[in-house]
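Report on the following structure.
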Amino acid sequence: MRPEDILVPTPVGVCCKLGGFHIDPTRPVERALITHAHSDHARAGHGAVLATQETLDLMRLRYGENFAGSIQPARYGEGVSLGGAKVTFHPAGHVLGSAQIVVEANGLRVVASGDYKNVPDPTCAPFELVPCDVFITEATFALPVFRHGDADGEIAKLLHSVALFPERAHLVGAYSLGKAQRVIALIRKAGYQAPIYLHGAMQKITDYYVSRGIALGELRPALGASKTELAGTITLCPPSALNDVWTRRFPDPVTGFASGWMRVRARARQHGVQLPLVISDHADWDGLTTTIAATGAGEIWVTHGQEDALVHWCATRGLKARPLDIVGYGDEDEADGQGNVEAEE
Ligand SMILES: [Zn+2]
Ligand SMILES: [Zn+2]
């Protein structure tokens, strides 16, 4: 049996004919297995969806009650038989509920890892290494220049700036699902106890995190707070709001942006970001290459991002590797936010 007999790459996502399902399909299909709730992976309109409870809940929050014909929750580590294949979900360490999907048939094991990171994150279960024959990896930051470094150090920069400018507000752009809650949790871990303010667009998802037992301390809506109240405080907002009229309610704001892309100075400048914070929910170059090697897989399939560099790296290690060319995976979670303005009255 060849890996392609288990999973076939198609333009809309990988397909398991044996089990009758697609993983993270970019167009509506009969049965979808979803790695995590970011909108480029989790779309509405599938017949049946199998995903972790958190991913199903987050999809419901975003798309409404009828986001799929039927749903089935998957527990980490629990095998499910689908046709001639067995599938198991394991933590991917990317955002709350994120999973790698392991597909096995006839003694061959393929891992579709979705988006992942192998560094600690107080807001989700840690990445679990699953030895396999074929590893499907993302490549969002697959260039040697991308080394994310220490997220706690970036939070220390933010808190230093807050201490330095007690009369100014600090606005931190962060993607609404995952990044925002991780940044808040890291700020708390650093010992900051004052209320943290939220843009309205992140309220629902953040409330959901709290309902799942993620401690985020006192949170307040930025909406309705006076300029005086906002002096010396931290507010989290979608990146798109950073250059919006919405910022006028804040006293002389210092603008930050928490993203792996902040490693690239030009990107920070382009967004007028004064305080770039290199914090990413994706594996960096070292994370990707270490993980690939550790899985023991002899064959690597590479999706979304810098496929070429990673495919080349694999070849130098004697690993068989190919890019998957699936259309429609962006990196919503690391996006610049353009065309994605989440309005708040
Ligand atoms: Zn993602
Ligand atoms: Zn992705």
Side-chain angles (χ1 to χ4, degrees), residues 9-14 22-27 32-44 49 51-52 54-59 61-63 89-101 111-119 121 123-128 135-143 146 148 151 173-183 202 205-206 208-209 238-239 257-262 279-285 287-288 291-292 300-307 309-310 323-337 340 342:
T10 78
V12 301
V14 289
H22 285 75
I23 296 178
D24 291 353
T26 55
R27 276 206 294 259
L33 273 54
I34 310 265
T35 59
H36 68 288
H38 280 145
S39 61
D40 52 330
H41 293 258
R43 302 188 189 235
V49 171
T52 63
E54 290 88 348
T55 296
L56 294 173
D57 291 342
L58 288 163
M59 287 178 79
L61 277 183
R62 297 192 132 182
Y63 301 130
F89 287 58
H90 292 270
H94 176 55
V95 296
L96 185 63
S98 66
Q100 312 172 68
I101 298 175
V111 173
S113 57
D115 291 341
Y116 66 94
K117 70 173 178 296
N118 58 340
V119 297
D121 176 340
T123 64
C124 65
F127 178 87
E128 202 177 290
F135 186 62
I136 307 179
T137 181
E138 60 144 317
T140 307
F141 290 108
L143 287 174
F146 290 113
H148 300 327
Y175 187 68
S176 304
L177 168 50
K179 184 66 61 62
Q181 297 76 25
R182 182 175 172 215
V183 166
M202 0 184 94
I205 292 173
T206 307
Y208 178 71
Y209 267 65
F257 189 175
S259 164
W261 296 111
M262 290 299 103
I279 301 175
S280 176
D281 285 334
H282 295 270
D284 65 3
W285 176 253
L288 293 167
T291 304
I292 288 170
I300 311 301
W301 297 357
V302 187
T303 74
H304 59 314
Q306 318 282 346
E307 287 96 333
L310 206 51
L324 286 190
D325 301 321
I326 297 168
V327 185
Y329 293 154
D331 50 345
E332 184 208 42
D333 40 318
E334 292 284 352
D336 298 338
N340 183 28
E342 297 167 275

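Heavy atoms only: backbone and side chains are in, while hydrogens, waters and symmetry mates are out. All residue numbers refer to positions in the sequence shown, counting from 1. Just so you know, ligand 1 is whichever comes first in the structure, and atom 1 is the first atom listed for that ligand.
Distance check: D115 CG to D40 CG gives 6.5 Å after rounding to the nearest 0.5 Å. Note that the CZ atom of F89 and the CD atom of E128 stand 13.5 Å from one another [nearest 0.5 Å].
Between the NE2 atom of H94 and the OD2 atom of D115, the angle taken at the Zn ion (ligand 1) works out to 100° after rounding to 10°.
Residue side and main chain included, H38 places an N/O/S atom under 2.8 Å of the Zn ion (ligand 1). Because the distance cut-off is set at 2.8 Å, H304 qualifies as a neighbour of the Zn ion (ligand 2) through one of its N, O or S atoms.
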Exercise. Please lay out, stage by stage, how F127 and H94 fare under the test side chain to side chain contact (heavy atoms under 4.5 Å, CB included).
Key: CA-CA 8 Å; F127 178 87; H94 176 55; over 6 Å; no
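Here the N, O or S atom of H36 that is nearest to the Zn ion (ligand 1) is NE2.
The distance between the ring centers of Y329 and H41 falls below 6.0 angstrom.
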